[in-house]
Asks: 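Provided herewith is a single structure, encoded as C-alpha cells, for subsequent inquiry.
In what follows, every chain begins at residue 1, and chains take the letters A, B, ... in the order their sequences are listed.
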Amino acid sequence: MVSLNQLIAVCLLYVVGLFIVAFAAERAAIRGRGDWLLRSPLVYTLSLSIYCTGWTFYGAVGYAARSGLEYVTIYLGPSLVMIGWWWLLRRLVRIGRSHRVTSVADLISSRYGKSNLLAILVTVMAVIGVTPYIALQLQSVTLSLSIFAAPAGVANGVLDGRAEPINTAQAAFWIAIGLALFTVLFGTRNLNVNERHHGVVIAIAVEAVVKLLALIAVGVFVVWGLAGGVTEAMTRIDQSAIGTWQVDGGRWAALTFLAAAAFVCLPRMFQVMVVENDEERHLQTASWAFPLYLMMMSLFVVPIAVVGLDLLPAGSNPDLFVLSLPLSQGHNTLAMFAFLGGFSSATSMVIVATLALSTMVSNHIVMPIWLALGQTSVQQSGDVRHVVILSRRVSILFIISLGYFYYRASGGSGALAAIGTISFGGVAQFLPVLLGGIFWRGATRMGALWGLGIGFGLWVFTMLLPSFGPDAVLSAATLEQGLFGIGWLRPQALFGVGGLDPTVHAVVWSLSLNTLAFILVSLFSFPSPVERLQGAQFVNIFDHSSPARGWTASVAASEDLMIMAQRILGAAEAQAFFRAQAQLQEKSEGLPEPTPAFVQALERELAASVGAATAHAMVSQLVGGASVSVQDLLAVADESAQMLEYSSQLEVKSRELSDTAEKLRRANDKLTQLSHQKDSFLSQVSHELRTPMTSIRSFSEILRDAEALSPQEKTRYASIIHSETIRLTRLLDDLLDLSVLENGEVTLNQQRGSLRDVLDLAVTTGQAANIREIKIDRDRDSEDVALETDLDRLSQVFINLITNAQKYCVSDAPCLAVRVHASGSTVAVDFIDNGAGIDADARDLIFEKFTRVAGQGGEGAGLGLAICREIITRLRGEISYLPDSPGTGFRVTLPTPQPGKLQELNRFAASA
Amino acid sequence: MTKHVVLVEDETNIAEAIRFLLGREGWRVETLANGNAAVEVIRKARPDLVMLDVMLPGKSGFEILKELRADAGFADMPILMLTARGHARDREMAELAGVSRFMTKPFSNAEMLDAVRELTAPGSLTA
C-alpha cells in the first residue's frame, strides 16, 4: 500500500520536475536555443491535449461505465473540428496572430468594435463557466488521493468527497497553491503574449505524454493482465451492457456538437491553439496528430470500464476505475503512474485555464478599473508593467481560489462528466458570436451582447442552476412548475417542450435562442464605424492584415509614448521596438516620429500585453490628451470623401464648361472665318465678274460711239466682247459647279470603266481646247486599270489638269507625263509637266478658290483646282501636289473596286 | 508734244481698250502687264499720267502707288487707279496713299477720258 505521504512526495517530485522542465524551456527560449523543440508542431499538438483533463482521464471510464459508448462524443467533437473545420481554426489563428489577440474575450471584444462591455461579459461568462471545471480538476486530484489514503476496506472508491479524510482536503489546498505558484511563475514571466509561454507549453506537453502513457499502461494491464488478452477482453465487452450499441441520436448529436463548440470556445483551448501558436502550419500537423492522440486516449476506456464493472465490488466509483483497478490487484507502481497521469491531466488544465482566465480578468476587468481610477496615471504613476503583472498575478490567485472555494462549497457534488458537460454548455455560448464575428460582416456589437446575454441566461437557468439539485438555488417548486409558477418557464421544459434529455434541451434552447437573438439584433442594429472596420478585417483576414484604425498623433510626443511603452513592455523590449520603428522610418538615431502608423504599431504591441481595449485607452490618454476617436476619423474621412466627390463633380462640371466654351470659341472662329471667307469670296467673284465686264462695256461703247472704225477693228472688238462673254459664262458655270460640289448636292453617276478610256477622252478634249500645243507622254499598258466611279467627273478633273499644264507650263517644248501606279486597293495617276513647278509657299493654296499662282498669266478665275479637289473628294480619292517632281506635278489617287465587288459587278453586267 | 501715260494693267483686253481710247486723244500709251517693273519704268519715263490696276501679278497697284508717293519727285504726279474690286475700303486706302483719282471697273469710256483730261489739264491740282 502506498502511503499518502509517499504519494504526496511523488507528486511534489513530479511538480518540481515540471518546474525544472519549464524553467529550462524558458532559459532556452531566452537564449534562442531549442527552437526545434519549443517551436515544433509536435509540442503544439501535445499542448492541445489539455483538452483531455482529469475529466477525460478518469471521467471517460466513469462515463462509459454509466452511459456506454456515449463518452466517444467528447472525443468525436474535437476530432471533427480538427479534421473538418481545420480552415476555421486557421482563420482564428490568423486573426489571433495578426490582431495580437490575448484571449477569446479579447477576440470577441476586438471584433465588435473593441467593446469593453462585451469583453467583461465574455470574461464573466468564461469565469462562471470554467470555475466549476477547475474545481472539478481539484476534485479529481483529491478524489484520487483519497483512494490511496482510504483504509484498505474502502479503497475501492465507494467514498465520495464528503467522506474524505481531512488531509486530502488540505492536499487540495496545497495543490491549488502549487498550481497558482506555477502559473504565476511561468505564466506571467512575460507580459507580451507574442513571446510565448514556452515554459508552460513545454510543461503541458510533458504532461500530455505522461497522461497518455499512464492511461495506455493501465489499459494494457487491464486487457492483457486482467482480461487475459484482446479476444477475452472483447468477449467481456460484448457481454456487458456497454458493448451494446445504444445510441440516443439527439443526445449524441448534442454532445458531439457541444464538445466541438467547447473545443473552439474554451478559453484554455483558445490559449494553446491561438495565443501560443507559433506558426500557422503547426495547425496542419495538429489536424491529424491531435485526433490520433484523442483516439489513443479513448482506446482503453471501454475495456477498463467493463473489467472494472466486472471485477470491482458494486458501488465502486467508476470515475476512479483507472486507479482502483491496479490498486485492487496490488499493482501500486502502476497505480502511482496512473495517479500521475490523472494529476497531469488535472494540473495542466488548471494551469492553462487559469492563465487564460487571468489574462481576461486582468485585461478586461482589473486594468480598465485601474485606468478609470487613475485617469492621469499612465505617464505619472510608476511602472505600469508592474501594475499589469501584479494584476495578472492577482487574477491568477483569484481564479484558482475561486475554483478551490467552488470545490469546497460544492463538496465534490455530481459526477465528473456532468460538471464537464455543464461547463462545455457555458462556453459553447460564445460560438455563434465567434463564428458570426469572423464570417459575417453584418454582425454587430448589440447582436453579440444580446446573443451572449440570452444564451448565457438560458444556460444558467436550464443547465447550471438545476445541476446543483433541487432547493440548492432553484427551489424544487420552480423546477417542477416553472419560474414564478409559470408552466412554460420550467428550467428543463422551456416553453412547454418537455420530455427531452435535459442536456439536449438546454443546449438546443440556449444555443438556438442565442443564435437567433444574435442574428436578429445584428440585422436590426447599426454597427459603429469601428465595428464595421474590425468586422471587415476579421472577415477578410486573408485579404489584408493591417489594422484600419488610425491616430493623428501630431500632438503625442514620442518621449511620452516611450515612457509608457517601457512601463508596459519593459525597457529592453520597448527600446528594441522603438529602434525598429525608427529604422522603419529611416531615422538613423533618436526616437521614431509619432506617425499614425507608428502609434498604431505601438498600440498593437501594447495590446499584446494588456488587450486591445486597454491598449487603446492607454494610447488615447497620450495621443493629444484625448483620443481622436475612430468615429471622428471616420467622420473626417467621410467628409473628405464627400468633398472629394463634390470637388470631382465640380471638376467634371468645370471641364464640361471649358469644353463647351472651347467648342463655342471654335464655332465662333469657324463662323468668323466663314464670314471672312464669304466676304473674300464675294469680293473675288465681284472682281472676276467686273474684269470681263469692263472690256465688254468699253468695247461696246467704242463700237457704239466711234465712227471711224475699220471693219477689221469692228470685227476684232466684237470678237473680244464675245470671248469675254464666254469667259463670264464659264466663270458662272464654275461657280455653280463648285457650289453644288461643296454643298454635296452632286449626284454621282457610278459606272464601270477603264482608266485608259478616261485618259483618252481627257487628252482628246484637252487638246481640242486649242490653248497651246503640249506633248502628252503616256504609258498605255499601265493604264489598264478597272475603275468604278463617276467617269465623267473624273475626266473633268483630268481635263482640268491637262489644260492647266497647257496654260502654265513655261517650257519651250512643253511635255506632260501621265504615269499610273496601281497598288492593292488604290490607283495613283500622276500628271507631271516639265515646267517651273510651283513655289513651296503657294503649294498649300493652289487648291483654294480664286488662287492663281503669281507670275503665271492666263485668264482663269482660280477655281479649277478647287473644283478638282471637290470632285476627287466626292469620288473618295485624293488629289495632291507632288513636291518632288521635276516640273509641276499632281497626283490623283482613287480607290479601285475589290475583287469580290468586281465579280458582283461582272455578274450584274452579264445579267443586264 | 505727245502726252505720255504708263498703264499698268494685266488684262490685255482692258489695256487694249484704254490704248485705243487714249491713242485717239493723242496719248502715247506704254503698257506694263506686271507690277514689278512699274516703279522703275515710271521713274525713268516720268510720264504725264500713271494708270494703275490694283490686282496685278507682282507688285499690287497699292504698293506701286505708295512707292511713287514716297518719292518727293513723284508727289504731284497724276495717278489714276482703276480697280475691279468693289470694296469701299479700297477707295479709302487709295486716297490715303495719295491717289489722284480712283475709279471702279467697269467704267464708261467718257468717264475715264474726263478723268484723264482733268488730271492732266495745265494747272490742275492733283487730288
Side-chain angles (χ1 to χ4, degrees), chain A residues 676 678-710 712-728 731 807-808 810 839 842 850-862, chain B residues 7-25 29 31-38 51-63 80-93 102-116:
Chain A
H676 283 314
K678 192 198 75 184
D679 286 353
S680 116
F681 179 74
L682 281 175
S683 154
Q684 293 276 7
V685 168
S686 141
H687 181 267
E688 295 305 316
L689 287 171
R690 281 167 193 270
T691 301
M693 276 164 66
T694 309
S695 303
I696 292 169
R697 183 171 181 182
S698 200
F699 280 113
S700 61
E701 282 182 9
I702 289 170
L703 285 173
R704 185 192 64 195
D705 299 336
E707 305 85 37
L709 286 178
S710 68
Q712 289 86 353
E713 278 176 326
K714 280 183 186 167
T715 313
R716 174 165 171 77
Y717 297 156
S719 68
I720 289 178
I721 293 173
H722 178 251
S723 72
E724 292 286 16
T725 316
I726 290 171
R727 182 178 163 190
L728 266 180
L731 174 67
K807 286 177 195 165
Y808 306 118
V810 292
D839 291 341
F850 302 111
T851 311
R852 276 176 300 186
V853 178
Q856 288 184 335
E859 55 183 10
Chain B
L7 169 63
V8 191
E9 170 64 77
D10 62 327
E11 281 288 330
T12 50
N13 288 339
I14 296 173
E16 186 173 348
I18 292 172
R19 196 157 54 231
F20 174 83
L21 292 167
L22 289 182
R24 245 183 6 183
E25 300 273 316
V29 182
T31 310
L32 295 172
N34 189 298
N36 287 333
M51 291 176 84
L52 285 175
D53 187 13
V54 174
M55 287 173 74
L56 289 164
K59 272 180 198 163
S60 78
F62 283 123
E63 285 171 294
L80 173 61
M81 198 167 236
L82 301 161
T83 179
R85 301 215 314 191
H87 269 307
R89 236 183 54 221
D90 288 344
R91 178 182 291 274
E92 286 166 28
M93 272 172 66
F102 186 92
M103 290 182 80
T104 306
K105 293 173 181 173
F107 47 83
S108 84
N109 293 347
E111 206 183 338
M112 188 269 287
L113 288 170
D114 283 349
V116 170

Asks: Please look at B:Leu21 and chain A and tell me whether the side chain, the backbone, both or neither of the residue comes under 4.5 angstrom of a heavy atom of that chain.
Replies: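 It is the side chain, since no backbone atom gets that close.
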Asks: Which one wins on heavy-atom pair count under 4.5 Å against chain B: A:Glu713, A:Met693, A:Arg716?
Replies: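 It is A:Arg716.
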Asks: If you count heavy-atom pairs within less than 4.5 Å of chain B, which of A:Ser723, A:Ser695, A:Ser683 leads?
Replies: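 The answer is A:Ser695.
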Asks: Who are the salt bridge (Lys or Arg N to Asp or Glu O under 4.0 Å) partners of B:Asp10, not counting sequence neighbours?
Replies: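 None.
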Asks: Please round to the nearest 0.5 Å and tell me the distance separating atom CZ of B:Arg24 and atom CD1 of A:Ile702.
Replies: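 If we round to the nearest 0.5 Å, B:Arg24:CZ and A:Ile702:CD1 are 6.5 Å apart.
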Asks: So for B:Ser108, is it side chain, backbone, both, or neither that comes closer than 4.5 Å to the heavy atoms of chain A?
Replies: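 Contact with chain A: backbone and side chain both.
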Asks: Ignoring hydrogens, what is the shortest heavy-atom contact between B:Ala84 and A:Thr691? Give both atom names and the distance.
Replies: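 Minimum heavy-atom separation between B:Ala84 and A:Thr691: CB-OG1, 3.6 Å.
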Asks: Please find the pair of heavy atoms, one from B:Ala17 and one from A:Ser698, that lie closest to each other, and give the distance.
Replies: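 Scanning both residues completely, I find the closest heavy atoms to be CB-OG, 3.4 Å.
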Asks: Between A:Arg690 and B:Lys105, which heavy-atom pair has the shortest distance, and what is it?
Replies: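 Looks like NH1-O, 2.9 Å.
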Asks: On a heavy-atom basis, which atom in B:Phe20 and which in A:Leu709 lie closest, and how many Å separate them?
Replies: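 Closest pair (atom of B:Phe20, atom of A:Leu709, distance): CZ-CD2, 3.4 Å.
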Asks: Should we say atom CZ of B:Arg89 is surrounded by more than 12 heavy atoms from elsewhere, each under 6.0 Å from it?
Replies: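 Atom CZ in B:Arg89 is not packed in, count stays at 12 or less.
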Asks: Heavy atoms only, distances under 4.5 angstrom: which of B:Leu82, B:Asn109, B:Ile14 has the most pairs with chain A? Name it, please.
Replies: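 Of B:Leu82, B:Asn109, B:Ile14, B:Asn109 has the most heavy-atom pairs under 4.5 Å with chain A.
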Asks: Answer yes or no: is there an ion pair linking B:Glu11 with A:Arg727, defined by an N-O contact shorter than 4.0 Å?
Replies: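 A:Arg727 and B:Glu11: salt-bridged.
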Asks: Return the set of residues passing salt bridge (Lys or Arg N to Asp or Glu O under 4.0 Å) with A:Asp705 (not counting sequence neighbours), or none when no residue passes.
Replies: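 Salt bridge (Lys or Arg N to Asp or Glu O under 4.0 Å) list for A:Asp705, sorted by chain: empty.
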